[in-house]
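Notes follow once the structure below has been shown.
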2 protein chains.
Amino acid sequence: MSTVIFSLRSAADGDRLMLPLVRRTREPHLGMWALPGGWLDVAENLDDAAARTLAETTALAPSYLEQLYTFGDVDRAPSRTISIVYWALLRSDLVDAQRAVADAPENVEWFDVDALPELAFDHRRIAEYALWRLRNKVGYSRIAAGLLPDAFTLTELREVYEAVLGRRLDPSNFRRLLEGSDELVPTDSFRTGKHRPARLYRYNADA
Amino acid sequence: MSTVIFSLRSAADGDRLMLPLVRRTREPHLGMWALPGGWLDVAENLDDAAARTLAETTALAPSYLEQLYTFGDVDRAPSRTISIVYWALLRSDLVDAQRAVADAPENVEWFDVDALPELAFDHRRIAEYALWRLRNKVGYSRIAAGLLPDAFTLTELREVYEAVLGRRLDPSNFRRLLEGSDELVPTDSFRTGKHRPARLYRYNADA
DNA sequence: CCAAAAGTGTTGCACCTACACCCATGT
DNA sequence: ACATGGGTGTAGGTGCAACACTTTTGG
């Protein structure tokens, strides 16, 4: 059981979509980077097991978690193993907060989704499939919220979309689209910064 | 490992979308209807196993086969079992031909997707999820072809869409949509019947 | 006052839907 | 000839992309 975990991490050129990998501590593929994972307990359902193994790597609860695919090719490993793969989103503020209190765990490192190292097994293909699914899903669902704190400005949300999709979006059209849907509710707070303050929104819990 | 198999079978009011169920021959849920399935061989990849277990029920090769979901709830059966579920389409002409040469296998019966009997385990939920996925996918992909012979008229194809989606479509708009895409290639043959002959199309193999 | 981000308005295009209409064939 | 399904044309509506424009803040 493995999980492709996505979060945003700030880089020189704005936020980048990144995912954590772990260095393998045993054969096969000893020393190579791989998706975090673990083994399924007997009395645990699949979603719980995915959340648990994810927490063992990140010490965090995911804001979004979905089954991706089950792989079971015969030549995937020396003997065939079934691998149930999930994908998840982590709020970037929680990842940063976690970083502040605890040292980065040994053997875990975050990589830009556009600059992954060589991966063990068929994990690269799996990561790319998860990325494809995330990009798709961002288009027609509200999951982008899973990468942000509770309240956020429309610009921050747009930047999430841009980081995920890898292309720029028109700010005014983005605003209309999201304001027109009932996915967002405006709050009375504003984010004050260098320029005109921007209204904070939060996702509509019952939409 | 189970598979939700769809095909079209003619009924009084036109073709209906139907799926085969098997009667369970052992406990638990002895005697109840269930999705066809089987066990995974050690040296077999998942797609092959799905095709094999499907063939054991229908004696046919599917024209479309896709993994649906992996279920593993603890309370799904007495002890937790992992169940990898696929869904598939069968060409209706092959199903009918198969019927003609062989008697219907014992314990297998086709049911209208809108009139399923009570099912063993959580198979009803699984069948409905597969149906939802099929209906979705028909909207943005070419899988409807999987239910028809190689060559077909636009009306026949539209009737497939109507049977799958459960609603009527405008013939002229349907024609424009499909002719406009490069999914279909016209042939030089016509289906002659009671009225004006209709051109036969086939799906574009490399679109 | 100026720069820059927040936020509004407007226009044009692409696409879909509904529906009127003509065409070709079997009976 | 006419009923019926095959096939074409067209007008209205919706939604989105592009982009000009106004507003509000910090410096």
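Below, read A as the first sequence line, B as the second, and so on, with proteins coming before strands; counting in each chain starts at 1.
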To the nearest angstrom, the CZ-C1' distance between B:Arg199 and D:dG6 comes to 11 Å
Over 60° means perpendicular and under 30° means parallel, so classify the ring planes of B:Trp87 and B:Tyr64, tilted if in between.
tilted
Carboxylate-amine/guanidinium contact B:Arg124 B:Glu118, below 4.0 Å
no
Strictly by ring-ring contact (aromatic ring centres under 6.0 Å, His included), give each pair with a member in residues 155-183 of chain B just once, sequence neighbours left out.
B:Tyr161-B:Phe174
Is any NZ, NE, NH1 or NH2 atom of the basic residue among A:Glu162 and A:Arg167 found under 4.0 Å from an Asp or Glu carboxylate oxygen of the other?
no
Is the closest basic N to carboxylate O distance between B:Arg9 and B:Asp112 below 4.0 Å?
no
Specify the separation, in whole Å, of atom OH of B:Tyr201 and atom P of D:dG6.
11 Å
Of B:Thr3, B:Thr53, B:Asp47, which meets side chain to side chain donor-acceptor pair (under 3.5 Å) against B:Tyr86?
B:Asp47
Should the pair A:Trp132 and A:Tyr129 be assigned to parallel (<30°), tilted (30 to 60°) or perpendicular (>60°) ring geometry?
parallel
Whether the A:Arg133 and A:Asn136 side chains hold a donor-acceptor pair (N or O, under 3.5 Å, no angle test) is what I'd like checked.
no
Under a 4.0 Å heavy-atom criterion, DNA chain C is touched by chain A from C:dA4 to C:dT10
Nucleic acid contacts of residues 148-162 of chain A, taken as heavy-atom distances under 4.0 Å to DNA chain C
A:Thr155
Answer whether the closest heavy-atom distance between the side chains of A:Leu154 and A:Tyr201 falls below 4.5 Å.
yes
Between B:Asp122 and B:Arg125, does at least one N-O distance fall below 4.0 Å, as a salt bridge requires?
yes
Measure all distances between protein nitrogen or oxygen atoms and nitrogen or oxygen atoms of nucleotides 10-16 of chain D, and list the pairs falling under 3.5 Å.
residue : atom : partner  : partner atom : Å
D:dT10  : O4   : B:Arg176 : NH2          : 3.4

Could you tell me the separation between the CG atom of B:Asp170 and the P atom of D:dT8, rounded to a whole number of Å?
14 Å
A:Glu109/A:Arg23 ion pair, N-O < 4.0 Å:
no
Identify whether the distance between the nearest side-chain nitrogen and carboxylate oxygen of A:Arg175 and A:Asp170 falls below 4.0 Å.
no
Which atoms form the tightest heavy-atom contact between A:Thr58 and A:Gln98, and what is the distance?
O-CG, 3.8 Å
Please confirm whether A:Tyr203 and A:Phe152 have ring centers closer than 6.0 angstrom.
yes
Under a 4.0 Å heavy-atom cut-off, which of residues 188-198 of chain B touch DNA chain C?
B:Gly193, B:Lys194, B:Arg196, B:Pro197
Five-pair end axes of the helix from C:dC1-D:dG27 to C:dT27-D:dA1 and the angle they enclose, rounded to 10°:
10°
